[in-house]
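Since the structure is predicted, the reported quantities are computational estimates derived from the model, not experimental observations. Chain identifiers are assigned alphabetically (A, B, ...) following the order of the sequence lines, protein sequences preceding nucleic acid strands; residue numbering begins at 1 within each chain.
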Number of protein chains: 2
Amino acid sequence: MEKTTVFDVIERMSALIRSEERKKCTEFGLQPVHLQVLDYLSRCNKYSDTPASLTNYLGMTRGTVSQTVLLLEKKSYVKKTTDTIDRRVIHLSLLPEGKAMLGQARPSELFNQASDFLKQDELGHYDETMVNMLSALQKSNKSHSFGLCKTCQYFTLLPDGHLCGLTKEQLTEEDSGKICQEHRAL
Amino acid sequence: MEKTTVFDVIERMSALIRSEERKKCTEFGLQPVHLQVLDYLSRCNKYSDTPASLTNYLGMTRGTVSQTVLLLEKKSYVKKTTDTIDRRVIHLSLLPEGKAMLGQARPSELFNQASDFLKQDELGHYDETMVNMLSALQKSNKSHSFGLCKTCQYFTLLPDGHLCGLTKEQLTEEDSGKICQEHRAL
DNA sequence: GCTACATATTTCGATTCGCTACTTTATGGC
DNA sequence: GCCATAAAGTAGCGAATCGAAATATGTAGC
């Protein structure tokens, strides 16, 4: 029963954010999916910055993703680079203009205002809870990573070991070399 | 700094849910926005079940929403009813088939599995935190309600007063008659 | 080295989606 | 009654999406 409630609330937050995002999109003449692509590219590692990974992440067809990327390329939001080893694969990367667009389209005002409604000293505690929730969701997500932890953008080297910056989990040296199940799509 | 992290995590959850949802969509031959409409209609009250409210919620144009509703009507997911008092107004309602579709398309498996990764005794605590977060987001959302609290689907009558079932807030008799700022779009 | 198969991506035609501008119908103030 | 306003629908056009076939590169077996 409680289970349902918690995830129901998450769905509500998700819907709210999406609604705000769509409004921003029409403002800039983009579709939500375009922002999703930019967001993905701002977070993926070099093992998952390909059209194939993007296709898997978005759940669209290869053809559509190809067209979408073409559009974003025309607008100078992303750049294509052919892999030097395997010349079949294409690496996608965000260009400065793409990053700028992503920054503008984020519901940052919404978040700024929301934080005013939360007690400042509670935010740290919220943080921990939320990260646990996210971690659980990621673990149950079937879309696994193709990247190594040590190449993840959240990977951090500490004096006393390794740390995943997103889940705040300690990682062993061995773990860092393994394929990451957590961050691929994020 | 902490502020950024918390909302960043929410954005990650949101992105993950959307990704899963899109996969479900293509499975059923629907667009994400169609599910958004069904979801909205399952939660709106009689003051916000109109195409105009839906338009405001989705951030799309009236024409587009009109077409979208037409499509969902053809598929027997929703039903239109003309308002008896103001004959310009149309009320939309979910049909059983629409509810069934909504149930199928929800990332329920994702949530079920995610809950297995969380300690059962912590879920209640998570619940409180998440509801606070959602409440803060809703407060800062500019899309205000057009409905009265007492008509909200989350409104509950208790022996000792009134309760908002979503935010768990106590409501005075007076509050219950006011326009709700919290739940319109949800 | 050649063949067969696998993988990554693109191309293309048909279809659907979404926006803009315009129209229709209904309400309310004067 | 007349006009402004509001809710919803319609038509046409461009963009997005799908599905299937095509292209290009890499891999494995002989």
> Which atoms form the tightest heavy-atom contact between B/Lys75 and B/Gly29, and what is the distance?
Replying inline: NZ-O, 3.8 Å
>> Using whole Å, what does the distance between atom P of nucleotide D/dA16 and atom CG of A/Leu58 come to?
In response: 14 Å
> With sequence neighbours excluded, what pairs up with B/Arg87 under the side-chain hydrogen bond (donor to acceptor under 3.5 Å, both in side chains) test?
Replying inline: none
Scan nucleotides 27-30 of chain C against the protein and return all N/O pairs shorter than 3.5 Å with their distances rounded to 0.1 Å.
| residue | atom | partner | partner atom | Å |
| --- | --- | --- | --- | --- |
| C/dT27 | OP1 | B/Ile85 | O | 3.3 |
| C/dT27 | OP1 | B/Arg87 | N | 3.0 |

>> Applying the side chain to side chain contact (heavy atoms under 4.5 Å, CB included) criterion to A/Leu94, which one of A/Leu72, A/Asp49, A/Leu38 satisfies it?
In response: A/Leu38
>> Between C1' on C/dC17 and CD on B/Gln36, what's the gap in Å once rounded to a whole number?
In response: 14 Å
>> Whole angstroms only, please: what is the NZ-C1' distance between A/Lys23 and C/dC19?
In response: 18 Å
> CZ of A/Phe28 versus P of C/dG18: gap in Å, rounded?
Replying inline: 20 Å
Tabulate atom names and distances for all N/O pairs under 3.5 angstrom spanning the protein and nucleotides 18-21 of chain D.
| residue | atom | partner | partner atom | Å |
| --- | --- | --- | --- | --- |
| D/dC18 | OP2 | A/Thr61 | N | 3.3 |
| D/dC18 | OP2 | A/Thr61 | OG1 | 3.4 |
| D/dC18 | OP2 | A/Thr64 | OG1 | 2.9 |

Contacts table for residues 58-68 of chain A: side-chain donor-acceptor under 3.5 angstrom, sequence neighbours left out:
| residue | atom | partner | partner atom | Å |
| --- | --- | --- | --- | --- |
| A/Thr61 | OG1 | A/Thr64 | N | 3.4 |
| A/Thr61 | OG1 | A/Thr64 | OG1 | 2.8 |
| A/Thr68 | OG1 | A/Thr64 | O | 2.9 |

> Does A/His34 place a side-chain N or O at less than 4.0 Å from the phosphate oxygens OP1/OP2 of D/dA16?
Replying inline: yes
> Given atom NE2 of A/His91 and atom C1' of D/dT25, what is their separation to the nearest angstrom?
Replying inline: 14 Å
> Can you name the residues that form a side-chain contact (heavy atoms from CB on, under 4.5 Å) with B/Asp83, not counting sequence neighbours?
Replying inline: B/Ile85, B/Asp86, B/Val89, B/His91
>> Measuring only between side-chain heavy atoms, which start at C-beta, is A/Arg43 closer than 4.5 Å to B/Arg12?
In response: yes
> Just checking A/Leu71: base, sugar-phosphate only, or nothing, at a heavy-atom cut-off of under 4.0 Å?
Replying inline: sugar-phosphate
>> C/dT10, OP1 or OP2 - any side-chain N/O from A/Lys80 closer than 4.0 Å?
In response: yes
> Given atom CG of B/Asn56 and atom C1' of D/dA7, what is their separation to the nearest angstrom?
Replying inline: 14 Å
>> I'd like to check A/Glu21 versus A/Pro32 (side-chain heavy atoms, cut-off strictly below 4.5 Å). Are they in contact?
In response: yes
> For the pair made of CG in B/Leu92 and C1' in D/dG9, what is the distance, rounded to whole Å?
Replying inline: 13 Å
>> Same cluster or not: A/Leu41 versus A/Phe28, using hydrophobic residues (I, L, V, M, F, W, Y) connected whenever any side-chain heavy atoms lie under 4.5 Å apart?
In response: yes
>> Tell me the interatomic distance from A/Lys74, atom NZ, to C/dT10, atom P, rounded to whole angstroms.
In response: 13 Å
> Residues in salt bridge (charged side-chain N to carboxylate O under 4.0 Å, His left out) with B/Arg106, at least two apart?
Replying inline: A/Glu11, B/Asp39
